[in-house]
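First the structure, in the form of C-alpha cells, and then the observations on it.
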Amino acid sequence: AAGEDYFEFRQPSAGTLQLLVGPNQAGAVVVDTRPLSLVSSYTINGADGNDLLNVNYGAAGGEFDLDIAFNGQAPTASPGDTLEITGGTADTLTFNYIDVNDGNVQIDFDGGGVDSTITYTGLEPITNTGTVTNVEFNLPNSANPDVALQSAGSGLNQLSGSTFENTTFANPTVGGSLTINGGTAADTISVQGVGSGFDADLTIDADTDDTITFQTTATSIGNGDLTADALTINVNAAVTTAGSGGIDVDAVRNVHVSSTGSLTTTGTGNISVVGQGMAAGNYHGVEINGSISSTGSGTISIGGTSVATTGDFDGVRIGGAGAQVTSAVAGDISITGTSSGDDGVESSGGAVVSATGTASVTFDGTATSNNDGANGVVLDGTATMVTAADGSISITGETSSFNAGVQPEAGVFVQGATVETTGTTAGTGLIEVFGTGGSAGIEMEDGTFRTVAGNIEWTGDSADNVG
C-alpha cells in the first residue's frame with residue numbers, strides 16, 4: 001500500500017497466526033487470521049512510505065515458528081522502513097548483515113537451533129526489545145570503517161555503522177553473551193559503553209586486519225568475561241568487570257592502553273593482555289600509559305613482542321607518571337616481552353608495578369637485536385617503582401647486543417628506579433635478578449633495591465664484559 005503503513009504479526013492464542021495492518025499501531029486492525037500450522041512463510045512488501053513491521057512474540061500465544069520476509073523498498077533513507085522484534089523469550093538472536101539495507105535475523109527460541117528467520121531488504125533501523133540470552137552480530141563481508149557499540153539507554157544498546165542496519169537491542173540476560181564477529185575485510189570497531197545493567201560476556205572477534213578501540217565512555221560488563229581479538233586494540237577509556245569476570249585482550253599486532261584508558265577486574269577474574277607482534281612495522285607489542293589493575297584476587301599477565309627493525313620500540317613498555325600495573329589483593333603479576341628493535345621490557349618515567357599480600361611480580365625480557373642500548377629489561381627513572389609485600393620480585397633479562405662505548409646493552413639495566421618488598425614475615429619478600437647481556441649481565445646506575453624480611457640475589461653473566 002502507498003504511504004506509511006504498520007504491520008504486525010502475532011499469535012493471540014496457541015496455533016493461531018494474525019496479521020494486523022494500519023497507519024500506526026493504534027489504528028491497526030486484523031486483516032488475516034489462519035492456523036499457524038498451515039503457514040510455512042509470510043512476505044510483506046512495503047511501498048513508498050516509512051513502513052514498520054512488528055514481529056510481536058509477546059501476545060497471549062507467545063512465540064511462534066515462522067519465516068518472514070519484509071521488503072521495505074523505498075525510501076532507503078532515515079527514518080525509512082523499520083523492523084521491530086518485541087516481546088517473548090529466546091535463547092539466541094543472530095543478526096546477519098549483508099549490506100547497508102539487507103540481511104536477516106535468525107531466532108533460536110529454545111537453544112535447539114534456528115526456529116525462525118526474518119529476512120529483510122530495503123530496511124533502515126532494527127529494534128529488538130524481547131528477552132534474549134545470547135545476541136550475536138555478523139558484520140558484512142566488506143570494509144566496515146565505523147562500527148560503534150554504545151548504550152541506547154537503560155538496559156538497551158545500539159550497534160551502528162554506515163555499512164549495515166543500525167540495530168537497537170536489549171541487554172542479554174544475566175550470564176548470557178553479546179558477540180560481534182568482524183567481516184572478511186578491514187573493520188574499525190569502537191566500543192563506547194553498554195546499556196546500564198549489562199551483566200553478560202562481551203566478545204569482539206575481529207579479523208587479523210581489524211582495529212578495536214574502547215573509547216569515549218566507560219564500559220562495565222558486570223560479571224561477564226571480556227574477550228577481544230583483532231590486529232590492533234586500543235584502550236582509551238575505562239573497561240571493568242566484576243565477580244568472576246575476566247579480561248582477555250589479544251592483538252595480532254599490538255595493544256595500547258593510553259593515559260585515559262584502563263583495564264580493571266574487581267573480583268576473581270584474571271587479566272591477560274597480549275600483543276603478538278606478528279605484523280611488520282615499528283611499534284611496541286604492548287604499550288601501557290594508563291592502568292591495568294586487579295582490585296580483587298585475579299592475576300595479571302602481559303605479553304608483548306615487537307618486530308621493529310628501527311627505532312625505540314619494546315616488547316612491553318610501561319611508561320609515564322600515570323602508568324601502572326597493580327594487584328591489590330593476591331593476584332600475581334607477570335610481564336614478558338621480546339623485541340627485535342630495542343628493549344624486551346621497559347618500565348620508565350615514573351611507572352609503577354605493584355603487588356600486595358603474597359602476590360609476586362615477574363619481569364622476563366629478551367632483546368634479540370644488536371642495536372645500541374637494546375636491553376632485556378629496563379627500569380628507568382627516579383619515580384619508577386616495582387614493589388611487592390610478602391611476595392617475591394623476579395627480574396630476568398637477556399640481550400645479545402654489544403656495542404662498546406655507545407649505550408649499555410645489559411640483560412637487566414636499572415637507572416634510578418626503586419625495587420622493594422615491604423612484607424615483614426620472616427623469609428618472604430625475596431628479590432632476585434638474573435641478567436645475561438652483551439656488555440653486562442646486570443648494570444645499575446643509581447637506583448634502590450630494598451627488602452624488609454627477604455634476601456636480594458643477583459646473578460649476572462656477560463659474554464663480552466662483566467656479569
Side-chain angles (χ1 to χ4, degrees), residues 191 202 204 212-215 218-221 224-230 232-242 244-251 254-277 283-306 314-337 344-357 359-365 377 379 383-388 391 393:
V191 181
L202 172 59
I204 306 174
I212 299 171
T213 301
F214 296 87
Q215 64 182 42
T219 297
S220 179
I221 63 171
D225 291 325
L226 169 66
T227 304
D229 301 286
T232 294
I233 299 175
N234 302 304
V235 182
N236 299 332
V239 178
T240 306
T241 67
S244 61
I247 296 175
D248 187 347
V249 174
D250 191 342
N254 68 302
V255 177
H256 181 210
V257 181
S258 75
S259 60
T260 59
S262 63
L263 298 173
T264 304
T265 58
T266 63
T268 59
N270 300 325
I271 300 175
S272 174
V273 178
V274 176
Q276 299 179 33
Y283 54 84
H284 305 294
V286 174
E287 183 177 11
I288 303 166
N289 305 123
S291 169
I292 296 179
S293 178
S294 168
T295 64
S297 58
T299 62
I300 299 174
S301 175
I302 301 169
T305 300
S306 174
D314 309 317
V316 175
R317 175 176 288 186
I318 309 166
Q324 57 180 330
V325 178
T326 59
S327 171
V329 179
D332 294 338
I333 298 173
S334 174
I335 302 170
T336 304
V345 177
E346 178 182 313
S347 186
S348 60
V352 174
V353 178
S354 176
T356 57
S360 64
V361 176
T362 302
F363 284 78
D364 191 343
V377 174
L379 304 176
T384 299
M385 303 279 293
V386 179
T387 68
I393 297 175

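Just so you know, these numbers come straight off a predicted model, no measurement behind them.
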Using distance alone, with no hydrogens and no angle criterion, decide if T336 and D364 have a side-chain donor and acceptor under 3.5 Å apart.
no

Which pair of non-hydrogen atoms, one from G304 and one from V286, has the smallest distance, and what is that distance?
CA-CG2, 3.9 Å

Given V257, which of V235, V273, I318 fulfils the side-chain contact (heavy atoms from CB on, under 4.5 Å) condition?
V235

Taking the side chain as every heavy atom from C-beta outward, state whether N289 and H256 have any atom pair closer than 4.5 Å.
yes

Rounded to the nearest 0.5 Å, the CD1 atom of I221 sits from the CG atom of L202 at a distance of 5.5 Å

Is any side-chain heavy atom of T232 less than 4.5 Å from a side-chain heavy atom of Y283?
no

Could you verify whether a donor N or O on one side chain and an acceptor N or O on the other, from T387 and S354, lie under 3.5 Å apart?
yes

Search all heavy atoms of A355 against all heavy atoms of S360 and return the closest pair with its distance.
CB-O, 4.4 Å

Taken to the nearest 0.5 Å, the spacing of I233 CD1 from D250 CG works out to 7.0 Å

Correct closest heavy-atom pair for I302 and I288 would be CD1-CD1, 3.7 Å

Non-hydrogen atoms of V316 and G303 that approach each other most closely
CG2-C, 4.2 Å

Looking at G224, is its backbone amide N or carbonyl O close enough to the side chain of T241 to form a donor-acceptor pair, meaning the two atoms are under 3.5 Å apart?
no

State the CG-CG distance between N254 and N234, to the nearest 0.5 angstrom.
7.0 Å

Closest approach of V353 to S347 (non-hydrogen atoms, all atoms of both residues):
CG2-OG, 4.3 Å

Side-chain donor/acceptor of S293 to backbone N/O of T265, under 3.5 Å
no

Between E346 and S348, a side-chain donor and acceptor under 3.5 Å
yes

Donor-acceptor side-chain pairing of T299 and D332 below 3.5 angstrom
no

Can any side-chain N or O of S306 pair as donor or acceptor with the backbone N or O of H284 at less than 3.5 Å?
no

Look up atom CG in L263 and atom CD1 in I292, then write down how far apart they are to the nearest 0.5 Å.
5.0 Å

Interatomic distance, CG@D229 vs CD@Q276, rounded to 0.5 Å, equals 8.5 Å

Roughly how far, to the nearest 0.5 Å, is CG of N270 from OG of S297?
8.0 Å

Is there a donor-acceptor pair closer than 3.5 Å between any side-chain N or O of D225 and the backbone N or O of G246?
yes

Provide the closest heavy-atom pair for A359 versus A388 in the form atom of the first, atom of the second, distance.
O-CB, 4.1 Å

